[in-house]
Amino acid sequence: MKRQFTDEDIIRFIYEEMKPKESDAFLTALCSDESLWERYEHLQTINEDVQKAVLEPSVESCERVMAYVRETAPTQKQPTTEAKSSIRTFLAGKIPVAISLNAVVVVAFITFISVAILGFTYELTRGAIVKPGGPLVQQTDVEENPRFEWDDSEIDEKLRFIREGVETIEKEDPIL
Amino acid sequence: MEKALIKKTQDKDLIKGFIAGNDHYFDVLIQRYKAKVFTTIYLIVKDRCIAEDLFQDVMIKVVRMIRAGKYNEEGKFLPWVVRIARNLAIDHFRKVQRNPIQRENEDYDIFNTVQQAEGSSEEKIIREENARYIRGLIQKLPDKQREVLIMRSYADLSFKEIAAITDVSINTALGRMRYALLNLKKLAQEQEIPTGYEETVHR
């Protein structure tokens with residue numbers, strides 16, 4: 001059965017809103033149906049006139065818009081406001097934590113190094129450490145320093161003296 | 001060579017370039033669509049001076065929205081701009097609280113001489129006379145018919161999109177378009193046809 005195309009169909013064809021299959025059927029009908037052709041030509045002519053009726057804005061209007069574009073152009077390619085905001089939020093939360101962690105690590109490292117250096121120096125001065133490649137620390141070094149002299153017999157003698165003293169006191173005064 | 005390439009560049013690529021900092025790309029977009037956007041605004045507000053102001057407002061709003069990342073590149077640029085134009089025109093009417101100024105002719109307008117056209121000066125004058133005459137006829141259409149005609153012919157909106165915007169069925173939008181075209185012809189026949197228009201109407 002031959003399809004009857006309405007004016008609305010013609011308008012859809014003119015504005016290319018028909019599906020390809022429907023459009024093919026319309027073109028076929030257009031070739032054989034004189035009445036359809038006349039209606040199509042009539043609407044198409046008016047449509048073409050409408051398309052010609054465009055009006056342009058003044059040059060000044062366009063220039064003003066472009067002046068605004070240039071005046072408000074970002075100086076560099078910058079992140080959008082949202083991106084800036086999110087970066088700020090991110091940094092605001094992370095920077096103090098990062099700084100604190102770094103500070104703790106640095107302080108601990110410096111303390112460790114300082115203690116190690118001091119200890120090493122102390123031990124070196126004390127003579128407990130053998131210098132790499134150097135001679136063994138002589139026992140005489142220790143003997144030269146009276147602080148490091150240690151005589152067990154002398155202590156034993158002193159302890160004995162104290163014990164005797166205590167025993168003497170206990171004999172003389174049993175209450176104590 | 002470069003200009004020719006830019007002219008062929010798609011809207012979405014021009015917008016990307018503009019966002020990246022190339023202002024010239026926006027100029028290309030303006031040159032590409034200024035006539036359709038301006039005609040749409042003009043046929044809504046029916047006043048050249050107001051249309052000039054609104055055109056600038058629309059384009060500045062478009063710039064701001066693109067820079068703010070509010071343009072969805074999947075959408076069509078021109079229909080998007082025209083929607084903004086339509087909304088600003090409606091806002092304008094709300095602000096002034098009065099009907100748009102009706103101008104029977106555009107003779108007062110010095111800008112009408114600034115039309116880009118090819119051919120001899122006589123041909124240009126005839127073409128502009130025809131265009132002016134047709135715009136006059138479009139302005140005499142009933143509002144709903146005029147609205148559909150503008151949105152389809154100048155804003156490149158599909159009948160489906162027009163139906164959604166105007167809150168009617170597609171068949172109603174198509175019917176209004178049909179009446180708009182037929183009424184244009186009727187109005188042209190009722191009036192005295194100016195020189196030149198006769199050639200285009202009665203071919």
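Throughout, protein chains are lettered first and strands after them, A, B, ... in sequence-line order, and every chain is numbered starting at 1.
Rounding to the nearest 0.5 Å gives a distance of 11.5 Å between CZ of Arg70(A) and NE2 of His24(B). Between the CG atom of Leu184(B) and the CD1 atom of Ile46(A) there is a distance of 6.5 Å, given to the nearest 0.5 Å.
Residues Phe38(B) and Val54(A) have side chains not in contact (no heavy-atom distance under 4.5 Å, counting atoms from C-beta outward). With a 4.5 Å cut-off on side-chain heavy atoms, Arg64(A) and Phe55(B) do not count as touching. Proximity of Ile10(A) to Arg178(B): side-chain heavy atoms (C-beta onward) are nowhere separated by under 4.5 Å. Side-chain contact between Lys52(A) and Asn130(B) is absent, with no heavy-atom pair separated by less than 4.5 Å. Val65(A) places none of its side-chain heavy atoms less than 4.5 Å from the side chain of Asp27(B).
For a residue to count as touching a neighbouring chain, one of its non-hydrogen atoms must lie under 4.5 Å from one of that chain's; by this rule Phe159(B) touches chain A with backbone and side chain alike. Looking at Glu8(A), both its backbone and its side chain come within 4.5 Å of chain B, counting heavy atoms on both sides. The parts of Arg152(B) that come within reach of chain A are both its backbone and its side chain, each placing non-hydrogen atoms under 4.5 angstrom from that chain. For Leu181(B), the parts lying under 4.5 angstrom from a heavy atom of chain A are both the backbone and the side chain. Within the 4.5 angstrom heavy-atom criterion, atoms from both the backbone and the side chain of Thr72(A) approach chain B.
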Applying side-chain contact (heavy atoms from CB on, under 4.5 Å), run through Lys185(B) and Leu43(A) and close with a yes or a no.
CA-CA 9 Å; Lys185(B) 182 68 184 264; Leu43(A) 289 168; over 6 Å; no
Under the side-chain contact (heavy atoms from CB on, under 4.5 Å) rule, what do Arg67(B) and Val69(A) come out as? Steps first, then yes or no, please.
CA-CA 10 Å; Arg67(B) 281 182 178 157; Val69(A) 168; 3.8 Å; yes
For Arg12(A) and Leu174(B): C-alpha separation, side-chain torsions, deciding distance, then whether side-chain contact (heavy atoms from CB on, under 4.5 Å) applies.
CA-CA 8 Å; Arg12(A) 285 198 299 124; Leu174(B) 275 165; 3.5 Å; yes
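The 12-atom threshold is exceeded at CD of Gln51(A), counting heavy atoms of other residues, nucleotides or ligands nearer than 6.0 Å. For Tyr179(B), the OH atom is loosely surrounded, since the number of other residues' heavy atoms within 6.0 Å does not exceed 12.
Across all non-hydrogen atoms, the minimal contact from Thr39(B) to Ala53(A) is CG2-O, 4.0 Å. Residues Met177(B) and Tyr15(A) approach most closely at CE-OH, 2.9 Å, considering heavy atoms. Here the closest non-hydrogen pair linking Ser153(B) and Asn47(A) is OG-OD1, 4.3 Å.
In this structure, Tyr42(B) contributes its side chain and Pro57(A) its backbone to no donor-acceptor pair below 3.5 Å.
For the side chain to side chain donor-acceptor pair (under 3.5 Å) criterion with Ser58(A), the lone passing option out of Gln56(B), Glu52(B), Arg48(B) is Glu52(B).
For Ser23(A), there are no side-chain hydrogen bond (donor to acceptor under 3.5 Å, both in side chains) partners, not counting sequence neighbours.
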